[in-house]
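Everything numeric here is computed off the predicted structure, so don't read it as measured data.
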Amino acid sequence: MIDITKFQELFSLLTSFKPNQFHPLVWINGEPEIGKNVYIGGMSEINAKGARVIVGDNCDIASFVSINCADSHKKCIGLLDEIQRKDIVIENNVFVGSHSVIKGGAYIGHNSVVAAGTIVEEAIIPPYSLIIGNPMQVKPGYYLKQFHLNDSDSTQ
């Protein structure tokens, strides 16, 4: 049996996956700013090549998630000469469900949840939101109500 460090070295040699602290099968491209106490599941990617990508503290990024600042579809069909790249900000304490996509231009406020399978488009999403579906639907303040309920429970 091969140890994980050796596996990661061989995997990096055979692919463009740089070794990282999260999982041997997490692909990090460019130099994203990743906060403290962040979990990133296997087979997820963070592409920050050519744009700023920020993942705040205490975020939980499930497996098979794509956080990708680049969009090449207009270049591919001949509408642009270059790949479009836009910044992405994910504030602190955001959960991103499995098989979700976060596209360039997305700004997700703190204490929000991206439901599994959601495609997050370019938008400013307020804190405590639930983002769900494709096309995405934003329920602003969805979790703020629960924070208030928890506060009132603790005072009784």
Side-chain angles (χ1 to χ4, degrees), residues 15-154:
T15 67
S16 62
F17 286 44
K18 297 183 293 190
N20 65 78
Q21 65 185 25
F22 303 103
H23 190 283
L25 299 179
V26 168
W27 182 56
I28 295 178
N29 193 22
E31 300 295 330
E33 300 167 42
I34 300 174
K36 299 174 192 161
N37 193 32
V38 172
Y39 172 81
I40 302 175
M43 303 309 292
S44 290
E45 73 160 326
I46 298 178
N47 181 14
K49 186 177 179 185
R52 189 171 187 202
V53 174
I54 299 171
V55 178
D57 295 341
N58 307 312
C59 288
D60 186 335
I61 313 295
S63 299
F64 298 96
V65 169
S66 176
I67 300 170
N68 191 342
C69 71
D71 184 346
S72 63
H73 81 275
K74 288 183 180 174
K75 180 183 179 202
C76 182
I77 63 172
L79 291 176
L80 293 175
D81 293 331
E82 296 183 9
I83 295 171
Q84 288 183 303
R85 298 178 191 279
K86 296 180 181 173
D87 296 345
I88 297 171
V89 176
I90 301 171
E91 291 188 334
N92 296 339
N93 301 88
V94 172
F95 175 83
V96 181
S98 181
H99 295 86
S100 294
V101 175
I102 299 175
K103 298 170 74 174
Y107 188 109
I108 302 172
H110 63 85
N111 296 87
S112 293
V113 171
V114 177
T118 296
I119 297 178
V120 180
E121 301 285 345
E122 180 175 0
I124 296 175
I125 298 166
Y128 303 102
S129 293
L130 172 63
I131 307 109
I132 186 167
N134 178 23
M136 73 175 187
Q137 296 179 359
V138 178
K139 297 183 177 186
Y142 183 86
Y143 289 99
L144 185 59
K145 297 170 193 163
Q146 293 183 17
F147 274 90
H148 287 307
L149 287 174
N150 289 344
D151 287 345
S152 64
D153 288 346
S154 66

Exercise for review: For His23 and Ile40, run side chain to side chain contact (heavy atoms under 4.5 Å, CB included): C-alpha distance rounded to whole Å, both residues' side-chain angles, the deciding distance at 0.1 Å, then the answer.
Suggested key: CA-CA 7 Å; His23 190 283; Ile40 302 175; over 6 Å; no
Point to revise | Stepwise side chain to side chain contact (heavy atoms under 4.5 Å, CB included) test for Val114 and Ile125 | key: CA-CA 11 Å; Val114 177; Ile125 298 166; over 6 Å; no
Point to revise | Residue pair Ile34, Ile46: steps toward the side chain to side chain contact (heavy atoms under 4.5 Å, CB included) verdict | key: CA-CA 10 Å; Ile34 300 174; Ile46 298 178; 4.0 Å; yes
Check your understanding: Step by step, would you call Glu45 with Asn29 a side chain to side chain contact (heavy atoms under 4.5 Å, CB included)?
Key -> CA-CA 8 Å; Glu45 73 160 326; Asn29 193 22; over 6 Å; no
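Of the options Ile54, Val120, Ile102, a side chain to side chain contact (heavy atoms under 4.5 Å, CB included) to Ile90 is made by Ile102 and by none of the others.
Between the side chain of Ser44 and the backbone N or O of Val65, at least one donor-acceptor pair lies under 3.5 Å. Judged purely by atom type and a 3.5 angstrom limit, Asp71 uses its side chain to pair as donor or acceptor with the backbone of His73. A distance-only check finds a donor-acceptor pair linking the side chain of Arg85 to the backbone of Lys49 [under 3.5 Å]. Using modelled atom types, one side-chain atom of Asn20 and one backbone atom of Val26 make a donor-acceptor pair closer than 3.5 Å. Not a single donor-acceptor pair under 3.5 Å links the side chain of Lys86 to the backbone N or O of Ala106. For Ser63 (side chain) and Ser98 (main-chain N/O), no donor-acceptor pair under 3.5 Å exists by modelled atom type.
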Residues 126-139, side-chain donor-acceptor partners within the protein, below 3.5 Å, at least two apart:
{"from": "Ser129", "atom 1": "OG", "to": "Pro126", "atom 2": "O", "distance (Å)": "2.6"}

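Summarising the geometry, atom NZ belonging to Lys18 is positioned 7.5 Å from atom CD1 belonging to Ile28; distances are rounded to the nearest 0.5 Å. To the nearest 0.5 Å, atom CD of residue Glu122 and atom CG of residue Asp87 are 10.0 Å apart. Remark: Lys103 NZ to Gln84 CD distance equals 10.0 Å, nearest 0.5 Å. Summarising the geometry, atom SG belonging to Cys59 is positioned 6.5 Å from atom CG belonging to Asn92; distances are rounded to the nearest 0.5 Å. How far CD1 of Ile124 is from CD1 of Ile108: 12.0 Å, rounded to the nearest 0.5 Å.
Salt-bridge annotation for Glu33 and Arg52: present, with a side-chain N of the basic residue lying under 4.0 Å from a carboxylate O of the acidic one.
Shortest non-hydrogen contact noted between Asn47 and Ala70 is ND2-CB, 3.8 Å. Among all heavy-atom pairs drawn from Val38 and Phe22, the shortest one is O-CE2, 3.4 Å. For the pair Gly104 and Ile88, the tightest heavy-atom approach, listed with the atom from each and the gap, is CA-CG1, 3.7 Å. Between Val94 and Gly109, the shortest heavy-atom contact is CG2-O, 3.5 Å.
No donor-acceptor contact under 3.5 angstrom links the side chains of Asn37 and Asp57, judged on distance only. Asn93 and Asn111 form no side-chain donor-acceptor contact under 3.5 Å, judged by distance and modelled atom types alone.
Heavy-atom neighbours of Tyr142 OH from other residues, nucleotides or ligands within 6.0 Å: at or below the threshold of 12.
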